[in-house]
Amino acid sequence: MMKRIDAIIKPFKLDEVKEALEKLEIFGMTVIEVKGFGQQKGHTELYRGAEYQVDFVPKVMLSIVVDQKKVEPAIEAIVNAARTGKIGDGKIFLSDVSECIRIRTGERGPSAL
Amino acid sequence: MMKRIDAIIKPFKLDEVKEALEKLEIFGMTVIEVKGFGQQKGHTELYRGAEYQVDFVPKVMLSIVVDQKKVEPAIEAIVNAARTGKIGDGKIFLSDVSECIRIRTGERGPSAL
Amino acid sequence: MMKRIDAIIKPFKLDEVKEALEKLEIFGMTVIEVKGFGQQKGHTELYRGAEYQVDFVPKVMLSIVVDQKKVEPAIEAIVNAARTGKIGDGKIFLSDVSECIRIRTGERGPSAL
Amino acid sequence: MAKLPFLIGILLSSPGVLMAAEIDKADTAWMLISTALVMFMVPGLALFYGGLVRSMNVLSVVMQSLFAMGLMGLQWAILGYSLAWGSDHGGFVGGLEYLFLDGVGQEANGTIPHVLFMMFQGMFAIITPALIGGSVVERIKFSSFCLFILAWGTLVYDPLCHMVWHPQGFLLTRGSLDFAGGTVVHISSGVSALVLALMVGKRKGYGKQSLPPHNLLFTLIGGALLWFGWFGFNAGSALSSGGLAANALVTTFLSAAAGLFSWTLAEWILIKKPSVLGALSGMLAGLVAITPAAGFVGPGPAILIGLVGGLVCYLGVRIKTRFGFDDSLDAFGVHGIGGIFGALATGLFASALVNPAGTDGVFYNLETGLHLLGEQILAIGVTVVYSVVVTFLLGKAIDLTLGLRVTEEEETQGLDATLHGESAYQS
Amino acid sequence: MAKLPFLIGILLSSPGVLMAAEIDKADTAWMLISTALVMFMVPGLALFYGGLVRSMNVLSVVMQSLFAMGLMGLQWAILGYSLAWGSDHGGFVGGLEYLFLDGVGQEANGTIPHVLFMMFQGMFAIITPALIGGSVVERIKFSSFCLFILAWGTLVYDPLCHMVWHPQGFLLTRGSLDFAGGTVVHISSGVSALVLALMVGKRKGYGKQSLPPHNLLFTLIGGALLWFGWFGFNAGSALSSGGLAANALVTTFLSAAAGLFSWTLAEWILIKKPSVLGALSGMLAGLVAITPAAGFVGPGPAILIGLVGGLVCYLGVRIKTRFGFDDSLDAFGVHGIGGIFGALATGLFASALVNPAGTDGVFYNLETGLHLLGEQILAIGVTVVYSVVVTFLLGKAIDLTLGLRVTEEEETQGLDATLHGESAYQS
Amino acid sequence: MAKLPFLIGILLSSPGVLMAAEIDKADTAWMLISTALVMFMVPGLALFYGGLVRSMNVLSVVMQSLFAMGLMGLQWAILGYSLAWGSDHGGFVGGLEYLFLDGVGQEANGTIPHVLFMMFQGMFAIITPALIGGSVVERIKFSSFCLFILAWGTLVYDPLCHMVWHPQGFLLTRGSLDFAGGTVVHISSGVSALVLALMVGKRKGYGKQSLPPHNLLFTLIGGALLWFGWFGFNAGSALSSGGLAANALVTTFLSAAAGLFSWTLAEWILIKKPSVLGALSGMLAGLVAITPAAGFVGPGPAILIGLVGGLVCYLGVRIKTRFGFDDSLDAFGVHGIGGIFGALATGLFASALVNPAGTDGVFYNLETGLHLLGEQILAIGVTVVYSVVVTFLLGKAIDLTLGLRVTEEEETQGLDATLHGESAYQS
Ligand SMILES: Nc1ncnc2c1ncn2[C@@H]1O[C@H](COP(=O)(O)OP(=O)(O)O)[C@@H](O)[C@H]1O
Ligand SMILES: Nc1ncnc2c1ncn2[C@@H]1O[C@H](COP(=O)(O)OP(=O)(O)O)[C@@H](O)[C@H]1O
Ligand SMILES: Nc1ncnc2c1ncn2[C@@H]1O[C@H](COP(=O)(O)OP(=O)(O)O)[C@@H](O)[C@H]1O
């Protein structure tokens with residue numbers, strides 16, 4: 001069984017999280033720039049001397065499909081690398097992936113990761 | 001059980017959808033800018049007097065993970081807020097999320113949302 | 001049952017993949033620009049005569065929700081259209097979608113696709 | 001009065017002997033480049049405004065200025081120059097002898113070729129209507145906007161230009177001073193922009209959503225072109241090279257620097273964040289405020305005008321939140337308010353020592369100064385009333401026929417795609 | 001003929017007494033800034049072109065113009081100036097006495113310093129080859145492009161410049177008129193661009209995918225720099241300040257405004273969408289069309305030339321869809337077609353009243369006009385044939401050795417990353 | 001010596017009769033536009049630097065240059081001009097008679113209006129401190145930076161300007177040559193930038209992450225403005241129109257072209273990738289290197305200076321990777337190294353034939369040349385030592401009070417949002 005880990009983190013933590021995952025020999029991942037809404041409030045911005053509230057916070061979403069057995073180590077690595085202790089550190093969501101195909105070779109299953 | 005709601009909507013509806021969700025006390029969500037292909041055809045653009053067809057339509061995808069019991073109200077809220085009645089209003093896809101972790105605290109499950 | 005196909009491909013293959021899917025009468029999809037990490041290494045870039053390594057590779061992620069029975073033909077079409085035979089051609093991930101709603105009409109299930 | 005060399009040229013020579021006046025090559029060199037500099041302000045304005053709107057509307061905003069170059073450029077050659085600078089009719093408007101630039105050639109007009117004088121003035125006639133666009137972006141119909149500026153240029157700009165700058169113009173002969181266009185350019189466009197914004201109505205979402213600038217770097221580039229070009233605008237209004245042009249260039253720079261400084265400082269103190277848009281807006285405020293005064297006041301007063309001008313316009317743009325109208329890019333807040341302030345300041349700080357063609361203002365000679373101030377107020381009043389009335393009538397007429405505003409769907413999807421068939425950016 | 005002051009300088013003085021001619025400081029001031037203005041067009045071109053390609057190739061396009069500044073700048077100083085402006089050899093090419101700028105100093109050449117004349121001319125020698133790049137973007141090898149423009153500048157531009165502008169150049173002495181480079185700059189680069197585009201072949205995906213501009217704001221900025229710089233290009237070609245320069249500046253502006261207007265209007269009527277790229281293209285068409293005529297025609301004809309020039313080029317760029325070649329950024333459609341149209345229009349509208357060094361064109365004096373028109377056609381013919389032949393030979397030679405085109409993989413991944421090791425944008 | 005006309009003006013006339021000197025309108029025309037051109041370099045610098053940082057800090061970088069316009073513009077009018085150009089005190093600093101521009105009016109100073117001379121010089125006083133910002137971007141506190149440049153301008157720039165350019169300045173009277181600011185502008189800012197970078201420390205992630213430029217097109221636009229404006233900077237330093245200005249303009253262009261060429265070629269040979277940033281950096285290196293020499297050397301030597309200058313600065317920017325300091329945008333690598341190289345090269349290539357106010361350098365006359373070279377080295381030494389010491393003291397003082405560096409959180413989240421309350425881009 002394969003699992004998909006979607007981790008939403010602070011953008012400047014990307015490099016550290018990536019390194020932490022590489023230590024676990026997880027070399028494949030896909031990164032998406034997203035905007036987050038949550039408990040962390042956006043900042044205020046100026047427009048000609050008037051302030052307005054910016055609701056969203058720039059975040060980065062990592063999408064990593066791993067073999068079941070790497071899920072827990074991966075989560076732990078991400079949590080440790082991405083944590084600053086301040087509101088807005090982000091979330092990790094886990095879901096099932098029923099199949100994986102490597103386009104180049106057509107091979108399927110965990111070995112295609 | 002937690003569910004992931006992926007709602008693809010028209011970009012200018014984002015604010016209204018967000019407000020509708022906040023009324024349901026759903027405060028967390030992640031927003032991605034995407035391009036959509038579907039029944040709604042893109043517009044034509046000009047290039048030095050020649051017209052060409054632009055296939056894609058800018059859309060916004062909201063990814064919201066909620067507790068099972070909030071799924072139906074959330075869907076209803078999104079549908080109401082995002083509907084214009086014209087082709088291209090978008091879709092909502094539902095899928096399962098097996099786990100959720102809050103990076104800041106490490107807590108798991110629905111309470112981490 | 002509906003399935004979600006997330007295909008990460010090389011950006012310049014998007015048009016070909018889209019055409020291949022249209023041949024299967026799959027007309028709906030959502031496209032996200034992403035950065036990929038994997039076996040394909042990024043290139044080196046210059047900064048004032050110094051070289052540095054760019055880790056990520058621009059990729060495009062197609063997210064397509066289809067009826068169960070179209071999954072295999074779709075995968076085959078994507079693999080054929082997106083393959084160049086070189087490292088970095090990308091992956092396809094399959095997962096379950098439990099429900100689909102068309103915002104415009106409120107209809108649900110495969111017919112809402 | 002700023003147009004003195006021209007004035008002398010006209011007075012001393014009947015049209016038949018105009019060719020006898022002599023061209024000064026140095027004056028001509030400066031006016032050639034000044035004309036180019038003012039032209040450069042038009043894309044500057046396009047970029048300044050373009051950066052401040054949402055990305056789906058940037059091209060529609062750019063197009064307002066860009067197309068004004070074609071439309072008003074031709075209008076000027078065909079009709080406008082004659083209306084503004086043809087032989088006087090009652091102090092209000094020029095005759096039709098220069099239609100299609102008939103008789104406008106390389107002969108001297110003052111000390112520069114007539115055709116060059118015509119072109120320098122033409123650039124002002126292009127940028128002024130383009131300024132108005134700033135208050136109605138993201139929702140005005142392009143066709144209606146074009147029609148509006150064509151009529152406005154002909155009915156408002158051209159006569160005002162005549163009244164204020166033509167040697168027999170009634171505001172000039174009465175004694176008001178406007179070196180480079182405080183009334184003609186800034187007040188006229190600023191108040192017209194306000195009227196038009198009220199007629200077109202607010203943008204969808206205004207007050208609820210934030211509608212922030214989509215690219216401040218383009219606004220910076222536009223601001224740079226404007227500042228650079230403004231040297232031609234103000235120092236070129238000396239219509240000659242030499243001390244007066246130098247004075248105007250220096251006062252222009254110092255007022256802009258001072259406006260930049262004071263607006264930024266105001267933000268820094270009040271909101272703790274000195275912003276780039278604040279700095280650029282203050283610079284613009286300083287430039288607007290010094291425009292009528294540039295060739296009549298010295299460097300010291302220019303700094304004061306800039307410092308206060310920055311603060312006045314800072315307040316000016318805040319008004320709209322109080323009154324709730326949507327002057328989207330503050331065409332009124334900056335050009336209207338700043339122009340009025342500058343015209344008044346000219347009455348206070350003008351000095352005959354700086355420019356013998358001017359008068360001493362209130363701070364140098366109370367008697368002549370109060371008279372001057374009175375004339376300044378009159379000129380402001382005439383400009384405001386005339387611009388407001390004609391703009392209102394034109395706006396109503398267009399609204400009832402073509403309609404001023406795009407459809408809600410066009411506004412929602414963005415004007416670039418719906419009106420112009422383009423997207424500014426592709427990823 | 002545009003180079004008359006220079007011509008007189010040369011004729012009246014043997015080289016030994018060239019120092020005796022007198023420098024006019026006002027002419028020099030105008031030529032200093034004109035030279036700077038033409039230089040400014042090169043980054044203008046880089047931006048104009050750069051905005052029109054896909055973002056993965058923008059730097060490769062920018063680099064074509066930017067590196068031309070270094071490469072052709074040095075070529076001009078070392079060899080090109082002498083080939084173009086050295087003592088005449090048979091009306092075709094100059095001698096080698098100015099190699100390494102030997103003998104090119106502060107002495108007067110006409111009324112400006114010789115070294116300044118050299119530099120002003122040098123800017124034309126830089127931008128002309130850079131124009132060619134527009135037809136072969138997104139697929140030409142950078143090394144091959146550099147080699148090509150180096151050889152093309154030496155073998156095509158320098159001799160053509162001599163033939164058309166040198167006082168003993170054979171096209172000049174026969175009587176053809178080219179004020180600022182209709183043949184030398186625009187036709188030569190335009191037709192060469194077409195030949196090169198045919199040799200390099202179409203871009204992958206051309207005709208199937210849409211390949212839209214990635215950033216029209218950069219194209220706008222580039223267009224602004226081009227328009228602004230063109231005042232130096234055309235009005236600077238008077239080589240002096242005064243009436244002629246003023247005339248050239250005014251005709252340049254009016255033609256650009258008219259071209260902008262007519263192209264935009266054509267789109268508006270035909271496709272219902274007036275576009276920013278259309279406005280910019282029309283402006284460019286107007287500028288190209290007026291270039292040979294700027295100092296020979298008056299403002300009225302300039303408007304006509306611009307109006308028609310805009311429409312002609314609009315058709316010009318549509319040709320390629322008919323014939324299916326990939327002149328990617330319309331270097332031929334705008335510069336080739338527009339240049340030919342402008343050279344012909346000069347034969348129609350030139351007036352000796354505007355410039356005594358010119359001739360009356362067809363519309364003013366049928367006799368001299370028809371002769372002039374004949375010479376214009378000859379000059380066009382010589383330019384086209386010569387440019388096409390040499391470009392073809394050079395292209396073939398390079399294709400057989402270095403290869404003209406990048407690999408398919410490089411084209412797919414973008415030239416910025418593969419050839420230049422850079423990405424323009426990081427998010 | 002570059003300021004010779006000014007020098008003569010001062011020497012020949014007691015202040016009381018300064019008004020008697022005559023204004024030359026052609027010189028004034030050229031200086032009007034030169035002043036505008038140098039002003040244009042400031043937003044040019046903002047864009048050049050702004051494109052090179054990460055998008056979350058671009059506004060903070062832009063703001064350094066922009067606010068310098070307000071802050072240092074006012075400082076110059078109030079105090080700086082007097083300190084630099086007031087009556088001499090011991091060869092080191094000027095008197096206070098020009099405080100608040102008292103007595104600085106339209107009267108002639110040399111052959112141009114005094115007020116214009118003041119403003120032209122003022123632009124140098126603005127851009128020089130802004131250059132320093134390049135080494136400390138993305139982490140310096142904005143308030144501290146403002147305080148620093150205010151003090152640095154007053155304590156370093158103003159006196160240095162006096163020593164090097166004032167007719168009684170001690171470096172000028174000893175005989176060193178600096179046409180347009182090799183020592184005063186580039187060396188002083190370059191070495192100060194290095195010291196400040198060491199004091200502020202490296203950016204978080206420096207050496208580990210890549211921190212690539214976020215938008216090279218803005219850097220290109222900035223580079224274009226810088227090159228264009230540099231014609232005013234260097235050729236305007238002739239303070240007159242004519243042969244000397246022409247020479248300076250030509251050497252400026254050729255050196256920039258040569259620097260662009262050599263740096264790009266070095267990359268092409270060493271790394272196989274000729275880059276746009278390389279071309280722009282080489283251009284800048286060529287411009288910096290020719291600055292002190294522009295009016296003293298001929299076109300041939302200018303090419304050499306550019307070629308070598310490009311290579312020297314290429315090495316200059318590579319030093320930092322060896323020594324591991326974070327001169328983020330290479331203010332030291334380009335301006336410091338390039339300025340020192342240029343000042344030395346002036347000692348080698350200067351020729352009295354080019355400029356009688358200069359001296360023959362080593363390659364033309366060994367005797368005068370060696371003396372000149374000695375003076376050049378002295379001027380470099382004085383500039384380096386003085387700038388380093390004062391910068392260090394100022395930096396320490398500010399660090400101990402306000403603190404030089406933002407908090408880690410501010411640095412992480414970006415200075416635009418945290419210090420300036422803005423985002424440059426909205427999608
Ligand atoms: N229910 C949710 N569904 C999807 N994304 C969420 C959800 N809740 C939070 N997020 C994402 O996680 C980010 C961080 O959440 P936030 O509540 O601000 O802080 P914390 O992670 O410390 O609880 C948000 O910006 C958003 O992108
Ligand atoms: N099968 C699908 N899989 C993924 N995304 C889809 C699918 N069908 C539609 N979409 C997304 O939904 C958007 C709206 O769909 P469209 O067919 O245009 O109109 P409607 O929502 O009115 O049926 C599309 O632009 C696309 O982003
Ligand atoms: N385990 C994974 N999880 C998520 N995305 C992955 C994973 N592995 C690879 N990818 C995505 O697929 C792309 C291609 O993978 P790569 O290993 O470079 O080559 P290949 O597809 O030929 O095996 C990557 O750039 C990345 O976006």
Side-chain angles (χ1 to χ4, degrees), chain A residues 1-11 13-14 16-17 20 30-42 52-63 68 71-98, chain B residues 1-9 11-35 58-68 74 77-78 81 93-113:
Chain A
M1 258 290 273
M2 289 164 295
K3 283 275 186 183
R4 168 169 171 162
I5 306 172
D6 285 312
I8 296 150
I9 61 170
K10 292 184 169 169
K13 283 292 189 182
L14 176 58
E16 284 170 57
V17 170
T30 299
V31 176
I32 313 176
E33 289 179 13
V34 301
K35 306 185 222 166
F37 295 83
Q39 293 179 55
Q40 183 194 7
K41 292 298 158 225
Y52 63 86
Q53 179 68 20
V54 175
D55 286 329
F56 66 86
V57 188
K59 298 275 172 197
V60 152
M61 179 159 113
L62 269 86
S63 199
Q68 174 79 48
V71 168
E72 278 306 320
I75 289 175
E76 199 182 330
I78 296 170
V79 168
N80 287 335
R83 180 185 284 155
T84 70
K86 303 227 179 76
I87 283 179
D89 276 351
K91 314 269 187 223
I92 301 175
F93 300 122
L94 229 63
S95 53
D96 292 339
V97 166
S98 55
Chain B
M1 258 288 274
M2 289 163 294
K3 283 275 184 183
R4 169 169 171 162
I5 305 172
D6 285 311
I8 296 152
I9 61 170
F12 69 93
K13 283 292 189 182
L14 176 56
D15 280 328
E16 285 171 55
V17 171
K18 186 166 151 279
E19 271 169 40
L21 290 170
E22 281 171 344
K23 291 216 183 91
L24 298 178
E25 311 220 308
I26 297 176
F27 295 113
M29 66 195 88
T30 299
V31 177
I32 313 177
E33 290 181 12
V34 301
K35 305 185 223 169
K59 298 275 172 198
V60 152
M61 179 159 113
L62 269 85
S63 200
I64 314 148
V65 177
V66 291
D67 200 276
Q68 175 78 46
I78 296 171
F93 300 122
L94 228 62
S95 53
D96 293 338
V97 167
S98 54
E99 185 60 288
C100 165
I101 299 108
R102 187 195 305 271
I103 291 175
R104 172 163 47 97
T105 57
E107 64 193 300
R108 299 202 171 198
S111 74
L113 284 175

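Within every chain, numbering begins at 1; the chains are lettered A, B, ... in the order of the sequence lines, protein sequences first and strands thereafter.
- Enclosure of atom CD in Glu25(B) is not indicated, since only 12 or fewer non-hydrogen atoms of other residues, nucleotides or ligands lie within 6.0 angstrom.
- Atoms CD1 and OG, on Ile32(A) and Ser63(B) in that order, are 9.0 Å from each other to the nearest 0.5 Å.
- Residue Lys86(A) touches chain B through its backbone alone, counting heavy-atom pairs closer than 4.5 Å.
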message: If you apply the rule side chain to side chain donor-acceptor pair (under 3.5 Å), what do you find for Lys91(A) with Thr30(B), and how did you get there?
response: CA-CA 10 Å; Lys91(A) 314 269 187 223; Thr30(B) 299; over 6 Å; no
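- The line from CD of Gln40(A) to CZ of Phe27(B) is 16.0 Å long, rounded to the nearest 0.5 Å.
- A 4.5 Å side-chain heavy-atom check between Lys35(A) and Glu33(B) finds at least one atom pair inside the cut-off.
- Ranking Val71(A), Ile9(A), Asp55(A), Ile78(A) against chain B, the residue ahead of the rest is Asp55(A), based on heavy-atom pairs under 4.5 Å.
- Counted within 6.0 Å of CD on Gln68(A), heavy atoms from surrounding residues, nucleotides or ligands total more than 12; the atom is thus considered enclosed.
- Contact between Ile8(A) and Ile103(B) at its shortest, heavy atoms only, is O-CD1, 3.8 Å.
- Surrounding NZ of Lys41(A) are more than 12 heavy atoms belonging to other residues, nucleotides or ligands, all under 6.0 Å away.
- Put simply, the side chain of Arg108(B) reaches to within 4.5 Å of the side chain of Ile75(A), judged on heavy atoms.
- A heavy-atom distance below 4.5 Å is not found between the side chains of Val31(B) and Phe56(A).
- In terms of heavy-atom pairs under 4.5 angstrom with chain B, the leader among Asp96(A), Ile5(A), Ile87(A) is Ile87(A).
- When heavy atoms are compared at a cutoff of 4.5 Å, Asn80(A) does not approach chain B at all.
- Proximity of Arg102(B) to Arg83(A): side-chain heavy atoms (C-beta onward) are nowhere separated by under 4.5 Å.
- When all heavy atoms of Ser98(B) and Lys3(A) are compared, the closest pair comes out as OG-NZ, 3.0 Å.
- Listed options Gly88(A), Ala7(A), Gly90(A), Ala82(A) were ranked by heavy-atom pairs under 4.5 angstrom with chain B; first place goes to Gly90(A).
- Of the listed residues Gly28(B), Cys100(B), Gly106(B), the one with more heavy-atom pairs under 4.5 angstrom with chain A than any other is Cys100(B).
- The existence of a salt bridge linking Glu99(B) and Arg4(A) is excluded, since no basic side-chain nitrogen approaches an acidic carboxylate oxygen closer than 4.0 Å.
- Using a 4.5 Å cut-off between heavy atoms, Leu113(B) touches chain A through backbone and side chain atoms alike.
- The shortest distance between side-chain heavy atoms of Val79(A) and Ile101(B) falls below 4.5 Å.
- The distance from atom CG of Leu62(B) to atom CZ of Phe37(A), rounded to the nearest 0.5 Å, is 7.5 Å.
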